[in-house]
Amino acid sequence: EPEPGRRNVNLLLDDAWERILLVAGVPDEYWPQIIDSFSDWIDSDGVPHSDGAETDDYYAALEKPYRARNGPVDTVRELLLVKGFNEAILSGGVLNPESPQEKQIYVSGIQDMLTTYGDGKVNVNAASLRVLMTLPGIDDLVARAIIEERERATLGSNGEEKDGAFTSVADFMGRVPGIDPGVRNLVTTRSSVFRVTSVGQVGRATRRIWAIVDLTNDRLRILRWREEP
C-alpha cells in the first residue's frame with residue numbers, strides 16, 4: 001500500500017487540518033486548540049499560539065512533565081502527547097465520555113488518514129475515500145467518482161484489459177471532472193514509500209507485522225518495522 005495514500009502530518013497546513021477534523025466528525029470548537037497545539041509541538045520556538053501550548057506554560061506543569069518536541073513527530077501515535085489530542089480523536093470513539101449519554105459526541109478518528117512519511121502529496125491511486133475528502137473542493141460525491149474512475153478497467157488498442165490507475169497528475173485532472181485546480185499541486189500518482197502488512201494465524205493465535213519501506217531504483221530499505229499481537 002503506498003504510504004502517501006495518507007496525509008503527512010508534519011506537513012499539514014491549518015486548512016488541511018480543518019478538513020481532516022471535519023471528515024473525522026470533530027466539532028469545530030475543538031479545532032483551534034488541536035491545530036495551535038500541534039503547531040507549537042513541532043515549531044522550534046517556545047512561544048505558544050493563542051490556543052496552543054508550549055513546554056513552560058503547559059507540559060512542564062503536568063503531573064508527569066515532559067517537553068514539547070519542537071520538531072517533526074516520529075509517529076502518528078506521538079500526537080497523544082500533544083494538548084488537545086486523545087485516543088478518541090486518533091482512533092475513534094466518544095470524544096466526551098464524561099458527559100451525559102445523550103450529549104456524548106462520537107468521532108471516527110484521524111489516525112487512518114495520517115502518516116509521517118512522504119513529501120506531503122497524496123497518491124490519488126491509493127488514497128481512501130476519507131483521505132480524498134481532505135483535499136480542497138473534494139466532497140463525498142467527487143471522492144467516490146475518483147475511486148470509481150481509478151478502479152474502472154478499460155480495453156487497450158490490442159484488446160488487452162488495462163487497469164484504470166491514473167498515469168499522471170494531468171491524467172487525473174483530465175479524467176475526473178470538477179476537480180479544484182489547486183488540487184494539482186497536492187497530489188501525485190506514484191510513490192516510493194510503501195506500507196507492507198502481513199498477518200499470520202496458527203489456531204487461534206494471530207500475529208500482525210507491518211513495515212514502512214522505501215523502494216527506490218529497485219533497492220528496498222526498511223524505514224520502520226512493527227510486530228503486533
Side-chain angles (χ1 to χ4, degrees), residues 3-122 127-136 138-140 143 186 195 212 224 226 228:
E3 189 65 5
R6 308 176 185 216
R7 307 295 303 265
N8 188 329
V9 64
N10 288 311
L11 301 177
L12 293 175
L13 300 179
D14 288 2
D15 59 340
W17 266 115
E18 290 177 358
R19 288 191 293 272
I20 287 169
L21 295 171
L22 179 64
V23 169
V26 179
D28 56 11
E29 60 263 30
Y30 288 78
W31 298 359
Q33 183 180 87
I34 291 172
I35 296 171
D36 281 0
S37 295
F38 178 76
S39 296
D40 287 332
W41 185 263
I42 66 171
D43 66 23
S44 59
D45 63 53
V47 182
H49 288 69
S50 58
D51 291 290
E54 287 284 1
T55 298
D56 292 340
D57 73 302
Y58 181 75
Y59 300 108
L62 295 175
E63 183 177 347
K64 295 182 178 179
Y66 51 89
R67 301 188 63 81
R69 176 175 285 276
N70 291 337
V73 299
D74 287 334
T75 69
V76 174
R77 297 292 295 176
E78 185 181 323
L79 294 176
L80 290 175
L81 296 174
V82 182
K83 181 182 179 182
F85 289 84
N86 56 36
E87 190 62 55
I89 289 175
L90 254 65
S91 305
V94 178
L95 188 59
N96 53 338
E98 71 287 348
S99 299
Q101 187 171 1
E102 65 275 10
K103 294 185 178 180
Q104 289 181 349
I105 301 168
Y106 179 84
V107 296
S108 58
I110 64 175
Q111 186 170 244
D112 64 303
M113 296 184 277
L114 302 177
T115 181
T116 56
Y117 299 94
D119 61 4
K121 292 187 176 182
V122 174
S128 67
L129 180 79
R130 280 158 52 86
V131 172
L132 290 170
M133 290 172 60
T134 68
L135 294 170
I138 296 182
D139 57 13
D140 177 83
L186 300 176
R195 180 180 295 250
I212 305 296
R224 183 172 174 80
R226 177 83 179 264
E228 300 176 349

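Every value quoted in this text rests on a predicted model; they were computed, and no experiment measured them. If you read the sequence from its start, that first residue is 1, and numbering goes on from there.
- Put simply, the side chain of Y117 does not reach to within 4.5 Å of the side chain of R6, judged on heavy atoms.
- There is no side-chain donor-acceptor pair under 3.5 Å between R224 and T116.
- At a threshold of 4.0 Å, the pair E87-R77 counts as salt-bridged, since one of the basic side-chain nitrogens sits closer than that to a carboxylate oxygen.
- Note: E78 CD to F38 CZ = 8.5 Å, rounded to the nearest 0.5 Å.
- Residues D51 and W31 have side chains not in contact (no heavy-atom distance under 4.5 Å, counting atoms from C-beta outward).
- Residues passing the salt bridge (charged side-chain N to carboxylate O under 4.0 Å, His left out) test with D74 are R69, sequence neighbours excluded.
- The two residues A16 and R7 have their closest heavy-atom pair at CB-NH2, 3.8 Å.
- Looking only at side-chain heavy atoms (C-beta outward), W41 and L81 come within less than 4.5 Å of each other.
- Put simply, CZ on F85 and CD1 on I110 are 5.0 Å apart, with the number rounded to the nearest 0.5 Å.
- Side-chain contact between V94 and S99 is absent, with no heavy-atom pair separated by less than 4.5 Å.
- Here E228 pairs with R208 under the salt bridge (charged side-chain N to carboxylate O under 4.0 Å, His left out) rule; sequence neighbours left out.
- Under a 3.5 Å cut-off, the side chain of T134 and the backbone N or O of R19 do not form any donor-acceptor pair.
- Between Y59 and K83, the closest heavy-atom pair is OH-N, 3.1 Å.
- A donor-acceptor pair under 3.5 Å links the side-chain atoms of N10 to the main chain of V73, judged by distance alone.
- Between A24 and M113, the shortest heavy-atom contact is CB-CE, 4.3 Å.
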What verdict does the side-chain hydrogen bond (donor to acceptor under 3.5 Å, both in side chains) test give for S108 and R130, after you've listed the backbone C-alpha separation in whole Å, the side-chain angles of each residue and the deciding distance to 0.1 Å?
CA-CA 10 Å; S108 58; R130 280 158 52 86; 2.8 Å; yes
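- Across all non-hydrogen atoms, the minimal contact from P65 to A60 is CB-O, 3.4 Å.
- The CG atom of D28 sits 10.0 Å away from atom CG of L21, with the distance rounded to the nearest 0.5 Å.
- Considering E98, E102, Q104 as possible partners of P100, the one that fulfils the side chain to side chain contact (heavy atoms under 4.5 Å, CB included) test is E102.
- In this structure the side chain of Y30 reaches within 4.5 angstrom of the side chain of L95, judged on heavy atoms.
- Atom NZ of residue K103 and atom CD1 of residue I105 lie 10.5 Å apart, to the nearest 0.5 angstrom.
- Between D140 and L129, the closest side-chain pair of non-hydrogen atoms falls below 4.5 Å.
- D40 places a side-chain N or O within donor-acceptor distance of the main-chain N or O of A53, the cut-off being under 3.5 Å.
- From H49, atom NE2 reaches atom CD1 of I35 across 10.5 Å, with rounding to the nearest 0.5 Å.
- When every heavy atom of D36 is checked against every heavy atom of G52, the shortest pair comes out as CB-N, 3.5 Å.
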**Message:** Walk me through whether E54 and N70 qualify under side chain to side chain contact (heavy atoms under 4.5 Å, CB included).
**Reply:** CA-CA 9 Å; E54 287 284 1; N70 291 337; 3.6 Å; yes
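- Atoms CD1 and OG1, from I212 and T75 in turn, are 11.0 Å apart once rounded to the nearest 0.5 Å.
- Taking each heavy atom of I34 and I89 in turn, the nearest pair found is CD1-CD1, 3.6 Å.
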Is there a side chain to side chain contact (heavy atoms under 4.5 Å, CB included) between L114 and I20? Walk through the geometry before answering.
CA-CA 9 Å; L114 302 177; I20 287 169; 3.8 Å; yes
